[in-house]
A.B. asks: 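Sharing a structure here in structure tokens format.
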Amino acid sequence: MRLVSVAVPVPFLDVLTYQVPDGLAAPRRGARVVVPLGKRTVTGIVVDPSATLNAAQTSPEKIKNLVEVLDDEAFLPGPVVDLALWVAEYYACGAGDALAAAVPSTQAHKTIRIATLTAQGHDETVSLRGRQKEAIEALRGKPHGLSVPRMNEMGISTDVLQRLAEKGLIAFQRERIERDPFSNGVVSTAVLPSAGRVLTDEQSKALDALSGAAATDEFCVFLLQGVTGSGKTEVYLRLAERVLARGKTVLVLVPEIALTPAVASAFREAFGDRVAVQHSGLSEGERSDQWYRIRRAEVSVVVGTRSAVFAPLTRLGLIIVDEEHDTSFKQEETPRYHGRDVAVMRGKHERALVVLGSATPSLESSQNASTGRYSRLVMERRVQDRPMAAVSVVDMRQEYAEHGPDVILSGRLKNAMTRRLEAGQQSLVLLNRRGLATAVFCRQCGGTLECPNCSVSLIVHTEGRERHRARCHYCNYGMLVPKACPACKGPYLERRGFGTEKVAQEIAALWPRARVARLDRDTVRRKGAASDILRSMAAGSIDVLVGTQMIAKGHDFPRVTLVGVISADVGLGLADFRAAERTFQLLTQVAGRAGRGVEPGEAIVQTLYPNHYSIGHACRQDYAAFFADELKYRQAMRYPPLTALVNLVVKATDAHAALTDAATLAQHLRANADAGRFSVLGPAPAPMARLRGEYRAQIFLKGSHRASMREAVLAALAAEPEMRRRVAIDIDPVSIL
Ligand code: ADP
Ligand code: ZN
């Protein structure tokens with residue numbers, strides 16, 4: 001009996017065992033196979049080509065046969081199969097869940113079957129009639145055959161074809177439909193476009209250290225901690241050039257490509273059609289074609305977002321994770337992996353050099369550098385000795401005391417903006433909150449207009465079709481703002497707080513001739529809208545760009561000399577232990593957008609908490625001081641990176657059920673925690689206790705030994721199988737809302 005184990009793309013399922021029927025060649029590891037699963041037939045990936053039965057598994061007579069082997073060779077390279085299996089184990093999801101992240105999503109549909117006549121079919125004439133005869137005649141004179149869908153259109157069913165195949169008169173082949181997203185591709189250049197540039201001392205030192213490490217062909221991780229504008233991209237490019245020269249390939253992970261196109265286009269410019277760039281503008285089909293180009297080794301550099309960590313590159317020499325602190329590297333649905341951490345593991349499996357780059361490294365990476373697991377390289381100066389932006393803080397308590405509670409722009413920020421407009425320079429204005437008003441309050445009963453599905457306030461918009469509608473930013477529920485309070489019927493509804501939309505209106509009113517644009521999730525709904533806005537900004541046809549954290553990403557606009565931050569403390573109120581870290585990163589990054597050209601930059605930060613350490617250290621752009629303070633807090637509160645965290649969210653249709661189910665799980669977990677290897681916190685209602693109509697309760701596990709926490713969670717769920725589908729397991733959670 002020849003057995004193989006197969007991962008199928010079905011949530012939570014572990015690998016399954018199948019038998020290879022006689023007459024079928026045994027598939028290789030990483031090949032796709034068609035297997036029966038219940039009443040369905042699905043495509044899976046072979047993870048073990050010579051499996052054996054162990055006692056715990058089903059009895060041999062229950063083992064089903066493979067239906068079809070789709071690939072003679074491995075479809076997924078071995079190391080990518082290993083990586084996906086590691087993800088499944090580490091993040092406690094199904095093997096198929098993890099492998100599904102590694103295969104192009106359209107692979108099952110995009111290969112079509114082609115029917116061709118066999119030699120026997122050519123000779124066969126007499127014994128056939130009806131549709132079978134028609135089919136054979138249609139295929140005659142078609143040496144490349146006809147696709148099955150095409151023959152179906154001609155009225156010849158798949159059944160008829162199947163019967164002809166069984167008689168050996170026709171054969172099926174699989175063929176890919178290919179589109180080339182690079183038909184107008186750039187030709188690769190022999191030398192880097194920036195080859196003439198003289199590197200700064202810090203750039204040369206970093207490059208030397210990194211190329212030295214790359215030359216060893218051993219796994220190691222570097223944290224490239226370079227202030228905004230220190231020229232990290234140039235270091236990446238030259239390092240990549242050296243790795244490619246050694247005949248190896250390069251993988252570059254970036255946050256969102258639409259918002260941070262600079263690194264991708266720099267690679268494209270430097271290496272032309274050797275680069276595959278995965279961006280959201282690609283159709284599923286193009287993405288899949290690109291996958292095959294990578295698989296056929298037609299490209300040697302892949303630049304993409306987190307899922308590119310599974311790109312089927314072979315001979316991998318270098319992995320770069322740019323802006324490694326960015327939260328978009330964490331996938332917030334199953335498999336809940338962190339692209340950066342998976343990248344490090346991939347580097348380890350494939351003995352590649354891993355470079356994590358950031359001006360504001362995550363506490364996790366920085367701590368790894370402090371303990372010596374990673375090597376830290378620091379670039380403290382901007383290129384061409386450009387000064388860092390001069391940052392000043394405006395205490396809004398004073399501003400409100402003097403000018404009333406409706407002040408949006410402080411006197412200092414207004415003056416600074418006027419000067420920029422007069423000088424023809426650009427300004428960025430950050431407020432990390434969308435919309436016009438944060439909420440609608442009732443002055444009579446004190447209630448707010450809330451989403452009926454999610455435990456959050458509705459946010460009011462004023463523009464276009466959204467005029468006077470209050471909308472939920474989680475589930476998109478919307479309603480017209482009522483005249484009276486739905487709870488107490490009082491007519492005293494008041495809009496309080498404000499978002500980016502209101503700020504843009506205020507600026508347009510103060511400076512009617514200024515060209516003002518807005519960049520936030522509301523204005524970039526349309527595909528391509530974000531790049532349009534960023535392009536206008538780069539072309540100088542916008543004077544003031546107002547936006548959320550989207551404007552803080554790694555943009556390089558040399559004409560921006562002023563950055564204003566409206567409420568620096570927006571994020572500090574969130575029930576998240578990373579609130580201070582996020583605030584520090586956001587402020588440092590946005591201040592880093594100013595003064596990247598010839599003119600020096602200035603940043604003005606408005607806040608109600610001028611003494612909060614995250615705001616103070618960000619204003620001084622002092623990462624080391626922030627890291628030291630924040631680490632003390634994490635230590636005192638036992639939070640990552642000093643301990644590992646696992647978050648379980650239990651969902652149910654009512655609040656009571658969510659909490660009691662969570663309590664049942666917590667009990668199982670506490671029973672397993674007796675060795676003291678981890679502690680169990682909760683259950684408690686999740687901060688978003690209601691989301692999209694579901695009630696949510698959560699449990700936290702804290703400990704230093706992830707494996708024992710993971711095992712305890714899986715054991716608890718094995719004891720309560722009914723809950724399995726309602727519990728989200730988040731290992732190393734990034735967002736705990
Ligand atoms: P970072 O990513 O570290 O914030 P960038 O890589 O965006 O910085 O570099 C900032 C700017 O400096 C870019 O416009 C880049 O082209 C330019 N630059 C980088 N290195 C040099 C250099 N050695 N000499 C001159 N300009 C440079
Ligand atoms: Zn909602």
Side-chain angles (χ1 to χ4, degrees), residues 189 191-211 222-242 250 252-257 259-271 303 320-326 329 355-362 365 376-389 391 426 428 534-535 537-540 549-561 563 584-601 603 618 621 623:
T189 44
V191 282
L192 288 183
S194 56
R197 240 177 211 173
V198 182
L199 293 186
T200 66
D201 278 356
E202 289 179 332
Q203 282 177 319
S204 321
K205 283 210 183 94
L207 182 62
D208 286 348
L210 294 169
S211 358
F222 280 83
L223 176 61
L224 179 60
Q225 185 179 327
V227 297
T228 54
S230 58
K232 294 185 284 294
T233 312
E234 192 63 40
V235 175
Y236 300 155
L237 291 172
R238 301 212 185 191
L239 179 62
E241 187 185 37
R242 296 187 185 179
V250 177
V252 185
L253 299 184
V254 293
E256 296 134 273
I257 295 212
L259 287 173
T260 52
V263 171
S265 28
F267 271 87
R268 207 60 215 288
E269 231 167 81
F271 303 112
V303 185
I320 294 165
V321 184
D322 188 36
E323 309 289 354
E324 67 85 33
H325 65 278
D326 198 281
F329 286 119
V355 181
L356 311 178
S358 176
T360 51
S362 61
S365 296
R376 193 191 307 260
L377 292 169
V378 179
M379 301 202 295
E380 287 179 311
R381 306 176 70 88
R382 286 187 159 179
V383 297
Q384 298 179 328
D385 276 325
R386 287 172 194 149
M388 300 300 293
V391 186
Q426 294 175 308
L428 290 178
L534 295 173
R535 216 174 298 125
M537 190 68 191
Q549 41 86 24
M550 287 185 180
I551 64 169
K553 306 268 169 178
H555 313 300
D556 191 24
F557 299 127
R559 267 175 286 196
V560 170
T561 56
V563 166
F584 174 82
Q585 285 164 345
L586 179 62
L587 295 182
T588 310
Q589 291 286 348
V590 77
R593 300 308 116 211
R596 295 169 73 92
V598 187
E599 300 291 328
Q621 318 248 317
Y623 179 83

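Counting convention: from 1, in listed order, for ligands and their atoms alike. We number each residue from 1, following the sequence as shown.
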A.B. asks: Got a sec, which residues hit side-chain contact (heavy atoms from CB on, under 4.5 Å) with Ala359, two or more places apart in sequence or on another chain?
C.D. replies: Thr228, Lys232, Gln589
A.B. asks: Show your working on side-chain contact (heavy atoms from CB on, under 4.5 Å) between Arg593 and Ile551 and close with a plain yes or no.
C.D. replies: CA-CA 9 Å; Arg593 300 308 116 211; Ile551 64 169; over 6 Å; no
A.B. asks: I'd like to know whether Met379 forms a side-chain contact (heavy atoms from CB on, under 4.5 Å) with Leu224, so could you lay out the CA-CA distance, the side-chain angles of the two residues, the decisive distance to 0.1 Å, and finally the verdict.
C.D. replies: CA-CA 8 Å; Met379 301 202 295; Leu224 179 60; 4.2 Å; yes
A.B. asks: Looking at atom 14 (O) of ligand 1, what's its closest protein heavy atom, distance included?
C.D. replies: Asp556 OD2, 2.6 Å
A.B. asks: Give yes or no for whether the N/O distance cutoff of 3.5 Å, strictly under, is met between Glu234 and ligand 1.
C.D. replies: no
A.B. asks: Quick one: does Arg596 get a heavy atom under 4.0 Å from ligand 1?
C.D. replies: yes
A.B. asks: Are the side chain of Arg382 and the backbone N or O of Gly595 linked by a donor-acceptor pair below 3.5 Å?
C.D. replies: yes
A.B. asks: For ligand 1, which atoms, with element, lie under 4.0 Å from some heavy atom of Leu199?
C.D. replies: 23 (N)
A.B. asks: Less than 3.5 Å apart, any donor N or O on the side chain of Thr561 or Glu599 sitting next to an acceptor on the other?
C.D. replies: no
A.B. asks: With atom 12 (O) of ligand 1 as the reference point, say which of Val263, Val383, Val198 has the nearest heavy atom.
C.D. replies: Val383
A.B. asks: For Gln426 and Met537, indicate whether the former's side chain and the latter's backbone hold a donor-acceptor pair under 3.5 Å.
C.D. replies: yes
A.B. asks: Please enumerate all residues that pass salt bridge (Lys or Arg N to Asp or Glu O under 4.0 Å) together with Asp201, with sequence neighbours excluded.
C.D. replies: none
A.B. asks: In terms of residue, atom name and distance, what is the protein heavy atom nearest to atom 4 (O) of ligand 1?
C.D. replies: Gly229 N, 2.6 Å
A.B. asks: Please classify the Thr233 to ligand 1 contact at 4.0 Å (heavy-atom distances, strictly less than): side chain, backbone, both or neither.
C.D. replies: both
A.B. asks: Counting only nitrogen or oxygen atoms and a 3.5 angstrom limit, does Gly226 reach ligand 1?
C.D. replies: no
A.B. asks: Apply the test side-chain contact (heavy atoms from CB on, under 4.5 Å) to residues Thr360 and Phe584: give CA-CA distance (whole Å), side-chain angles for both, the deciding distance (0.1 Å), then the verdict.
C.D. replies: CA-CA 8 Å; Thr360 51; Phe584 174 82; 4.0 Å; yes
A.B. asks: May I ask you to list the atoms of ligand 1 that are less than 4.0 angstrom from any heavy atom of Thr228?
C.D. replies: 4 (O)
A.B. asks: Could you tell me the separation between the CD1 atom of Ile320 and the CZ atom of Phe267, rounded to the nearest 0.5 Å?
C.D. replies: 4.0 Å
A.B. asks: Which one of Gln203, Gln384, Glu202 has a non-hydrogen atom at the shortest distance from atom 23 (N) of ligand 1?
C.D. replies: Gln203
A.B. asks: Give the residue and atom name of whichever protein heavy atom lies nearest to atom 8 (O) of ligand 1, and the separation in Å to one decimal.
C.D. replies: Gly231 N, 3.2 Å
A.B. asks: Heavy atom of Val227 under 4.0 Å from ligand 1?
C.D. replies: yes
A.B. asks: What part of Arg197, side chain, backbone, both or neither, has a heavy atom within less than 4.0 angstrom of ligand 1?
C.D. replies: side chain
